[in-house]
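Computation of the quantities below employed the complete heavy-atom set of this structure, encompassing side-chain atoms and omitting hydrogens, waters and symmetry-equivalent molecules. Order of appearance sets the numbers: ligands from 1, and atoms from 1 within every ligand.
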Amino acid sequence: MPRTPAPLTQTPEWKALEVHARELRATHLRGLFRADPARGERLTVNALGIYFDYSKHRVNDETLKLLTGLAQASGLRDAIDAMFSGEKINFTEDRAVLHTALRAPKDAVVMVDGENVVPQVHAVLDKMETFARKVRGGDWKGHTGRTIKNIVNIGIGGSDLGPVMAYEALKAYSQRALNFRFVSNIDGTDFAEAVIDLNPEETLFIVASKTFTTLETMTNANSARDWALQALKDPAAIARHFVAVSTNADAVARFGIDTANMFGFWDWVGGRYSMCSAIGLSTMLAIGPKNFRAMLAGFHEMDEHFRTAPFERNLPVLMGLLGLWYNNFFDAQTIAVLPYEQYLKRFPAYLQQLTMESNGKRVTLDGKPVDYQTGPVYWGEPGTNGQHSFYQLIHQGTKLIPCDFIAFTRPAHKLGRHHDLLMANVFAQAEALAFGKTAEELEKEGVKDWLIPHKTFEGNRPSTTMLLDELTPAALGKLVALYEHSVFTQGAVWRVGPFDQWGVELGKVLAGRIAPELESKAEPELKHDTSTNALIRRYRRNK
Ligand code: G6Q
């Protein structure tokens, strides 16, 4: 049972932050930079190849002291140790939370229920590697003897978002002769479009589902089996064209997939934390075992940094606390993630699940409603596209939106002036947000009086800039682990459980009740609210 300490908002650390926030809300970043000429270099952390510049945040040394003090008082240190050592911190599901064990080196020891899980992790990695080498080398043939050219990953949520994001992020490292598709939505369009130009004889499906019962995934997997059998005729073909990633061997066998072609993982891997497990099989097929292991090493480096670095130099802790600062003391509702790297186009979508499914909670671990805000809304788009759409609101709107800028010194593709111009934009945006443009400056430029209010940029809009050398597999691993652990940091302070997701259940149950009402031949007796009843009747009439 979790402990029941004094309410968070009544703690001296929280109250001190409230008082301090009043002072900081009245301070402009222009003043903070003027007062400390070293600020732009001082309020940075350079660790693991990530230059993390948080100087353009509405904080000073005192803020950092108070925030890290809050983290200490919240028991973050013990919580980190509990997670890494395999304690069952996923309290409502009575499970350990050990995505960190998925990227632990071979000689590490992580005990769960009296057993070291690291050898199992490496056994699965080795099995994935053997399989990946066969497929990538053209040795894994389809039923009719053709070489596999297409890989279709079927999964949803945690069994989809990580694989898609990683595939897109590391496309530059992928084997281009293989063609990757990802099917997640139960909307038939997703499956139909994914296979529209594929030859079943050259196509391999990965059915990725921890439970192997998820409605969307099983519906798509059944359609995939029908699609394959229609062309290949022989049920024996399934063994050559389907593999599974799951924890549920019985259901995999029942589906008709040979369990020799199943890649396992464990209940202590949460869906949205599973991209380093066998759920990453499509990633390994795309980028190869060596690059996949380099990615895992990047994750592990960040895990170790999170576990050992002092809070004031600890990247995930800083990121988590800065998010919390605006969320709880500046009424900010959202955080924008703005990668200036086209390959990271799916990164914001991936982070939405990681952050919002984890900390979108309204009760604490001991079941009490919170009287403060928890997880903010995450959203974003790759730069510079967003600049020509929603940045207007970030610059001149009425909402405070802290931004995470992510950029890389070396481009994946050297092309004329492109990269210098891209980087000029990311630096310019962070500068404009922080310092804005005053009415006096506009006056001096001769701007007409009536236009001045429209052209004034208030500034004082906070952002972090993360600058890395290059988007390598290891760099991606570090970035994802950075966000994972920042979510953990926030969850620990907010006292919520980041590792369950009961909020997705009700809709699933109701859909299960409504589906037969839509499909039944006889007019069903509808017992929903009047709105839902009318929608169902209308659909039945017109379908
Ligand atoms: C993630 C959630 C959820 C899950 C999907 C797919 O943390 O648990 O997004 O990953 O519902 O579940 P299966 O892998 O069991 O199909």
### Query
What atoms of ligand 1 come within less than 4.0 Å of a heavy atom belonging to Gln501?
7 (O), 8 (O)
### Task
Would you mind checking which non-hydrogen protein atom is closest to atom 12 (O) of ligand 1, with the distance to 0.1 Å?
Thr214 OG1, 3.5 Å
#### Entry: Validation row, ring centre Phe263 to ring centre Phe131 under 6.0 Å
yes
### Task
Would you check whether Ala208 has a nitrogen or oxygen atom less than 3.5 angstrom from a nitrogen or oxygen atom of ligand 1?
no
## Note on the structure
Of all protein heavy atoms, the one nearest atom 7 (O) of ligand 1 is Arg272 NH1, 2.7 Å
### Summary
re atom 10 (O) of ligand 1, the protein heavy-atom contact at minimum distance is Gly158 N, 2.9 Å
### Query
Do Asp371 and Thr9 have side-chain N/O donor and acceptor atoms under 3.5 Å apart?
yes
### Message
Considering both backbone and side-chain atoms of Lys508, is one of its nitrogen or oxygen atoms within less than 3.5 Å of a nitrogen or oxygen in ligand 1?
### Response
no
### Query
Is Asn220 reaching over with its side chain to a backbone N or O of Phe191, donor-acceptor style, under 3.5 angstrom?
no
### Query
Less than 3.5 Å between some nitrogen or oxygen of Gln353 and one of ligand 1, yes or no?
yes
### Salt-bridge criterion met for Arg95 and Asp500 (N-O under 4.0 Å)
no
### Query
Near Ser209, which atoms of ligand 1 are under 4.0 Å from a heavy atom of that residue?
13 (P), 14 (O), 15 (O), 16 (O)
### Task
Would you mind checking if Arg133 and Glu129 are paired as a salt bridge, meaning a charged N to carboxylate O distance below 4.0 Å?
yes
### Query
Restricting to pairs with a member in residues 148-174, which pass ring-ring contact (aromatic ring centres under 6.0 Å, His included), not counting sequence neighbours?
Tyr167-Phe180, Tyr167-Phe182
## Note on the structure
among protein heavy atoms, the one nearest atom 6 (C) of ligand 1 is Ile156 O, 3.2 Å
### Message
Keeping Asp258 on the side-chain end and Ala239 on the backbone end, is there a donor-acceptor pair under 3.5 Å?
### Response
no
